[in-house]
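Heads up, the thing below is written out as structure tokens.
All residue numbers in this chain count up from 1 along the given sequence. Computed from a prediction, not measured in an experiment: that's the story for all the values here.
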Amino acid sequence: MRCQPLILFLSAFSYKNVDYCHCPRSLFVLLDIPKQPQSHFRFAHSQCSSQSQSHHFPLHSSLFSLVEPIICQNPAEISSFAAVFNFLTGRNLLRLGRQVHAQMTLRLVEPNAFLGAKMIAMYASSGDLDTAVTIFDRINNPSLLLYNSIIRAYSLYGYPHKTIGIYTQMQSLGLQGDHFTYPFVLKCCASNVWMGKCIHGISLRIGLEIDMYVGTSLIDMYVKCGEISEAHKLFNGMIVRDISSWNALIAGYMKNGEIYVAEDLFKRMVRRNIISWTAMISGYTQNGLAERALDVFDKMMEEDSEVKPNWVTIMSVLPACAHSAALERGRKIHKFANEIGLGSNVSVQTALVAMYAKCGSLVEAHQCFDKIHQQKRNLIAWNTMITAYASHGHGLESVSTFEDMIRVGVQPDTITFTGLLSGCSHSGLVDLGLKYFHCMTKSYFVEPEVQHYACVVDLLGRAGRLVEANNLINQMPMQAGPSVWGALLAACRKHRNLELAEAAAKKLFVLEPDNSGNFVLLSNMYAEVGMWKEVDNLRAMLKNRGMRKTPGCSWIEINGKAHMFLGGDTSHPQAKEIYMFLKELPEKIKGVGYVPDTSLVLHDVSEEEKEHNLSAHSEKLAIAFGLLNTSPGVVLRVTKNLRICVDCHTATKFISKIYGREIIVRDVNRFHHFFDGKCSCGDYW
């Protein structure tokens with residue numbers, strides 16, 4: 001008499017350098033087993049073991065010990081199959097799982113709710129949600145365990161509506177959720193506070209609110225829904241709090257900009273994990289407090305700290321380097337990421353591209369992008385590189401990168417076109433920009449949004465096509481926002497069209513009543529043509545509204561330390577040397593053709609005084625400091641909070657020529673690379 005055909009595990013480990021856990025070459029083979037199946041099992045086991053690397057043996061042994069009962073039992077018991085599926089869950093062994101499933105079918109084993117739950121968990125953890133759903137639909141008498149397995153699967157795959165739908169179905173059958181059910185259901189209520197509150201009420205009635213896992217999930221749900229006070233109330237009522245509840249609340253307060261509350265919670269934590277530290281670093285970065293983010297990262301990295309950064313931490317701290325233009329800090333973090341094995345992580349590589357680009361090193365940004373394996377370059381990586389080229393005024397490279405992305409089959413989105421159109425605008429590629437704008441919907445299925453219209457208005461405005469820009473605004477299918485009218489106003493300022501500027505400014509005074517920059521820009525245009533009464537009126541409006549002109553501020557990093565300068569600043573320890581240098585500078589650069597542009601010094605003072613006022617602009621102070629404190633040939637990188645003025649732009653070109661320096665200035669709009677008397681913008685800015 002012979003046993004039924006069954007599937008035995010054999011392993012083809014003659015392949016070298018194969019990691020069984022991640023890329024198995026294993027297979028199940030249908031065999032006819034004679035009367036003594038155990039002997040064949042031992043034979044197969046010995047064959048496998050003799051070919052295996054020793055460190056895989058425990059895994060083989062465990063799997064064979066689970067398969068053996070299936071071989072010996074006739075008929076096979078459901079619990080034996082359940083044990084095998086449970087073993088395969090989370091190991092990415094989908095092929096083996098399917099073969100075990102096929103053996104069940106051959107032996108006419110119908111899964112019950114218990115076995116179905118194990119099968120669903122295996123399939124879902126192995127990337128096959130469709131089969132998991134099919135199994136769920138075929139179980140006649142579902143249990144809570146079965147529902148928990150499919151709820152978990154839908155939640156982890158990012159299907160909130162389906163998760164809640166399955167939960168509702170479970171409730172209608174009279175099955176009451178437990179502490180495994182609610183964390184996954186609540187995760188799907190992040191954008192539906194009403195549903196979250198309903199589930200909160202149910203968990204409260206059955207006494208699960210005080211459960212640590214359910215309580216933490218409720219806090220996380222309320223935080224993501226913006227109900228921070230409800231989250232804190234729950235936190236205060238928890239009998240036992242785990243680190244996750246503290247972390248969720250800290251992240252919520254950081255998101256709300258309530259930094260001091262988050263700091264207080266962080267200080268009160270008895271134990272902190274990497275998520276706690278990352279929440280603080282990320283929160284500071286998102287709130288524009290780059291130095292604090294870097295300080296927290298340094299504290300976390302102290303020798304006695306047991307916490308070590310992961311890829312999320314690295315991703316969170318790199319934007320802080322970009323925000324403060326701390327290139328040397330960014331390079332050190334890049335080196336550290338490589339040392340701990342995170343340098344090949346796609347998200348880290350993408351963050352490095354953004355950091356280097358925002359710190360002014362486009363070459364290093366491109367190098368990091370090139371290191372991302374082509375098959376792993378996702379939309380975020382492509383968008384980051386396109387935007388990087390755009391911000392540096394390399395419009396053709398933005399276009400080329402966009403076309404490369406399309407060729408490899410990556411579908412663009414709204415961010416892609418914002419970067420692409422911005423690149424065309426900064427480089428004067430008007431026709432190319434208009435072509436992409438007009439084919440967004442038809443060719444790429446992306447509907448133009450306000451930011452895209454703003455880019456096109458800027459594109460046309462920079463080229464002097466102000467009437468076309470104004471007509472485009474009037475034809476917009478949505479209300480024009482501040483970015484659109486701001487682009488038109490800036491273009492009018494450049495091309496001295498006061499009539500359109502007044503129309504744009506009036507719109508901005510309503511849309512952005514607290515933005516002093518719009519008042520200042522129009523006031524400057526009035527002053528240029530001698531309309532002093534209008535200038536006085538605008539200044540009075542600013543004063544009555546309690547607004548002040550945003551002061552110009554520039555900073556430069558020297559030897560890893562950032563030095564900040566305000567316009568006319570005398571507080572720096574080297575102020576005396578800086579102003580002595582700047583006093584002599586005009587005569588030096590006048591000798592090679594520099595002519596001061598005093599048209600924007602809008603005061604009734606002598607020409608000499610106007611030139612003196614120009615010399616105290618913040619970017620000139622930063623450049624002077626850089627020249628005084630660095631060796632010849634060192635690149636100077638300056639960041640300014642406002643748009644660089646015409647005179648500073650002209651002067652910096654001449655400074656780069658007579659001192660033989662490359663000077664990179666990042667203003668509020670873009671990067672300017674000065675070298676040998678020229679700027680990368682080609683004076684098109």
Side-chain angles (χ1 to χ4, degrees), residues 285 290 314-331 333-334 337 343 345-374 376-408 410 412-429 432-433 436 451-452 455 458-459 557 635 637-640 662-675 679-682 684-685:
T285 302
I314 301 297
M315 273 188 65
S316 300
V317 74
L318 285 172
C321 299
H323 186 271
S324 58
L327 179 61
E328 289 307 315
R329 289 294 302 274
R331 284 172 174 159
I333 293 171
H334 183 186
N345 180 285
V346 176
S347 298
V348 171
Q349 289 174 316
T350 303
L352 284 166
V353 173
M355 182 276 293
Y356 279 122
K358 290 177 181 176
C359 286
S361 182
L362 190 59
V363 171
E364 287 171 284
H366 184 74
Q367 288 171 351
C368 288
F369 180 75
D370 280 347
K371 288 178 182 177
I372 303 174
H373 194 279
Q374 191 157 348
K376 293 183 178 180
R377 285 180 192 165
N378 55 26
L379 179 60
I380 298 172
W382 285 104
N383 283 350
T384 303
M385 197 66 237
I386 290 169
T387 303
Y389 280 129
S391 66
H392 284 261
H394 292 251
L396 287 174
E397 285 82 354
S398 282
V399 170
S400 175
T401 305
F402 173 80
E403 293 296 343
D404 288 343
M405 184 186 83
I406 298 302
R407 271 192 292 274
V408 298
V410 177
D413 65 358
T414 56
I415 297 172
T416 314
F417 279 99
T418 301
L420 180 64
L421 294 171
S422 176
C424 291
S425 175
H426 287 311
S427 301
L429 305 174
L432 202 52
Y436 282 118
Q451 65 267 29
H452 303 119
C455 288
D458 188 57
L459 177 81
E557 183 189 21
V635 178
R637 303 175 193 273
V638 175
T639 303
K640 185 174 183 180
E662 181 181 359
I663 303 171
I664 300 172
V665 178
R666 168 187 170 188
D667 72 6
V668 71
N669 290 326
R670 57 166 294 162
F671 282 87
H672 297 265
H673 293 250
F674 299 93
F675 185 70
C679 179
S680 60
C681 72
Y684 188 87
W685 58 286

Nearest 0.5 Å please: distance from the [atom1] atom of [X] over to the [atom2] atom of [Y].
X: L432; Y: C424; atom1: CG; atom2: SG; answer: 5.0 Å
X: I664; Y: L327; atom1: CD1; atom2: CG; answer: 9.0 Å
X: C681; Y: D667; atom1: SG; atom2: CG; answer: 9.5 Å
X: I372; Y: Q349; atom1: CD1; atom2: CD; answer: 5.0 Å
X: S391; Y: L362; atom1: OG; atom2: CG; answer: 7.5 Å
X: F671; Y: H392; atom1: CZ; atom2: NE2; answer: 4.0 Å

- Parallel, tilted or perpendicular: ring planes of F674 versus H672, cut at 30 and 60 degrees: parallel
- Can you label the angle between the F402 ring and the Y436 ring as parallel, tilted or perpendicular, going by 30° and 60°? perpendicular
- Query: Within a radius of less than 6.0 Å around CD1 of I415, do more than 12 heavy atoms belonging to other residues, nucleotides or ligands occur?
  - Reply: no
Without swapping roles, check the side chain of [X] against the backbone of [Y] for a donor-acceptor pair under 3.5 Å.
X: T350; Y: V346; result: yes
X: T384; Y: A354; result: no
X: T416; Y: D413; result: yes
X: R377; Y: W382; result: no

- Task: For a side chain to side chain contact (heavy atoms under 4.5 Å, CB included) with T401, tell me which candidate from L420, I386, N383 qualifies.
- Result: I386
- Message: I need the single residue from C455, P412, S422 that forms a side chain to side chain contact (heavy atoms under 4.5 Å, CB included) with F417. Which is it?
- Response: P412
- Message: Which residue in the set H426, H394, H366, E397 passes side chain to side chain donor-acceptor pair (under 3.5 Å) when paired with Y389?
- Response: H366
Quick one: are [X] and [Y] in side-chain contact, heavy atoms under 4.5 Å?
X: Y356; Y: H334; answer: yes
X: R670; Y: S680; answer: yes
X: M355; Y: L352; answer: yes
X: S361; Y: R637; answer: yes

Show the nearest heavy-atom pair for residues [X] and [Y], with the distance to one decimal.
X: T387; Y: G419; result: OG1-CA, 4.0 Å
X: A337; Y: V348; result: CB-CG1, 4.5 Å
X: C321; Y: C359; result: O-SG, 3.5 Å
X: H673; Y: G360; result: CE1-O, 3.7 Å
X: A320; Y: A290; result: O-CB, 3.3 Å
X: M315; Y: S347; result: SD-CB, 3.2 Å

- Message: Tell me every residue that passes side chain to side chain donor-acceptor pair (under 3.5 Å) with T418, counting only those two or more places apart in sequence or in another chain.
- Response: H452
- Message: side chain to side chain contact (heavy atoms under 4.5 Å, CB included), that's the test. Do H323 and K358 meet it? Break it down for me.
- Response: CA-CA 8 Å; H323 186 271; K358 290 177 181 176; over 6 Å; no
- Task: Output all residues satisfying salt bridge (charged side-chain N to carboxylate O under 4.0 Å, His left out) with E557, sequence neighbours left out; order by chain, then residue number.
- Result: none
